Amino acid sequence: MGIILKPFAWLLLFFYNYFGYAVALMLFALVVKLILFPLSLKGKKSMIKMNLLSGKMQQLQKQYGKDRERYNMEIQKLYEREKVNPMGGCLWSFLPLFVLIPLFYIIREPLTYFMDLNADQVKIVAEITGLTTTGAYPQIAMANALSSPEVLAQVQAALGEAGSKVFSMNFQFLGINLAAIPNWKFWEGGISWSSVGLFLLPLVSVAVSLLSMQVSLKTNQMNRNQAQDETTAKTNRTMMIMMPLMSLWIGFMMPVAMCVYWIANSLFSVIQELIAGKILKKD
């Protein structure tokens, strides 16, 4: 896993050194979008082709709707004749989700992936900071503790040569600690912008995710008067529910830095969908 995560970590750290934590996440999302754009374009082309076949699929449903076996056979023939892969659009659209897994590990373990410390060295940091190495996000707590110059100096001295890799990370963005996990009860402990901002970011993530989905559906439908077959319409309704719910779950279960990435990813998706739609409309 470490070998797979290293390139992601190097890229994120490179952006962090120049632009700070939040902008690094946004630029990381942009780079991922640019790399995956050819595959996303291919997936979108498949989705548009599927939508353009909706009229023929409805005709087949009227003809063979009662005979499911014959209907499925005719649909398969239609796909082969038109050279359409019904799963092509769905598969490529899920690619950005797989980037979330390595990004989550990197955000969760900054000492390992940003500072290149091994397990024994992390234990030394835990002893000096008085924190445990167990739990969901112990390394984030240690990284926050390193913001104290005294603690940072102690850790650097204790680690010897490896101490040169240890630094104080700044997780702040617009007064919000991006290493923190949002709380539904944001008013507990007193209302402040930091707590309210933490609560709002997951909601913004959901709203932008919905916007991205709407733009994608609109650009997939080249003909405004084009009707959707029942299966496509059902799939779209499911996606419109699943994606925002997943955004909400990510927002309130993980460090809010994931929300920043997801918001940037969704905004770049909107731009990507508009560009891809224009390119494919000429095709």
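Side chains are part of it too, since the values below use all heavy atoms of this structure and drop only hydrogens, waters and symmetry mates. Quick caveat, the model's predicted, so the values are computed rather than measured.
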My understanding is that a hydrophobic cluster links ILVMFWY residues whose side chain heavy atoms are under 4.5 Å apart, including indirect links. Using that, what else belongs to the cluster containing Val270? Leu211, Val215, Leu274
Glu109: partners by salt bridge (charged side-chain N to carboxylate O under 4.0 Å, His left out), with sequence neighbours left out: none
Interatomic distance, Asn265 atom CG to Gln272 atom CD [nearest 0.5 angstrom]: 8.5 Å
With clusters defined by side-chain heavy atoms of hydrophobic residues (ILVMFWY) lying less than 4.5 Å apart, directly or transitively, does Trp10 cluster with Leu27? no
Is there side-chain contact between Pro182 and Phe252, with at least one heavy-atom pair below 4.5 Å? yes
Provide the closest heavy-atom pair for Pro255 versus Ile140 in the form atom of the first, atom of the second, distance. CG-CD1, 3.6 Å
side-chain hydrogen bond (donor to acceptor under 3.5 Å, both in side chains) filter on Thr112, not counting sequence neighbours, yields Gln139
Between Arg108 and Ala136, the two heavy atoms sitting closest are NE-O, 2.8 Å
Closest contact, heavy atoms only, Ala22 versus Val260: O-CG1, 4.0 Å
Residues that Ser209 engages under side-chain hydrogen bond (donor to acceptor under 3.5 Å, both in side chains), provided they are two or more places apart: Ser247
Is it the case that the side chain of Ser216 and the backbone of Ser212 share a donor-acceptor pair, with hydrogens and angles ignored and the cut-off at 3.5 Å? no
Taking it one step at a time, do Leu178 and Ile107 satisfy side-chain contact (heavy atoms from CB on, under 4.5 Å)? CA-CA 10 Å; Leu178 298 184; Ile107 289 174; over 6 Å; no
List for me each residue that meets ring pair (Phe, Tyr, Trp, His ring centres under 6.0 Å) alongside Tyr21, sequence neighbours excluded, and say none if there are none. Phe171
If you look at every heavy atom in Phe173 and Met26, which pair is closest and at what distance? CZ-CE, 3.9 Å
For Lys123, give me all partners under salt bridge (charged side-chain N to carboxylate O under 4.0 Å, His left out), at least two apart in sequence or on another chain. none
Report the C-alpha separation of Asn177 and Gln172 in whole Å, then their side-chain angles, then the decisive distance to 0.1 Å, and conclude whether the side-chain contact (heavy atoms from CB on, under 4.5 Å) test is met. CA-CA 5 Å; Asn177 182 6; Gln172 293 296 316; 3.5 Å; yes
Could you report the tightest heavy-atom contact between Cys259 and Gly251, atom names first, then the distance? SG-CA, 3.2 Å
Has the side chain of Tyr16 got a donor or acceptor atom that lies under 3.5 Å from a matching backbone atom of Asn170? yes
Using the rule given for side-chain contact (heavy atoms from CB on, under 4.5 Å), can you reason through Ile106 versus Phe114, listing the C-alpha separation, both sets of side-chain angles and the distance that settles it, and then say yes or no? CA-CA 8 Å; Ile106 293 167; Phe114 282 160; 3.8 Å; yes
Minimum heavy-atom separation for Leu25 and Ala257, please, with both atom names. CD1-O, 3.5 Å
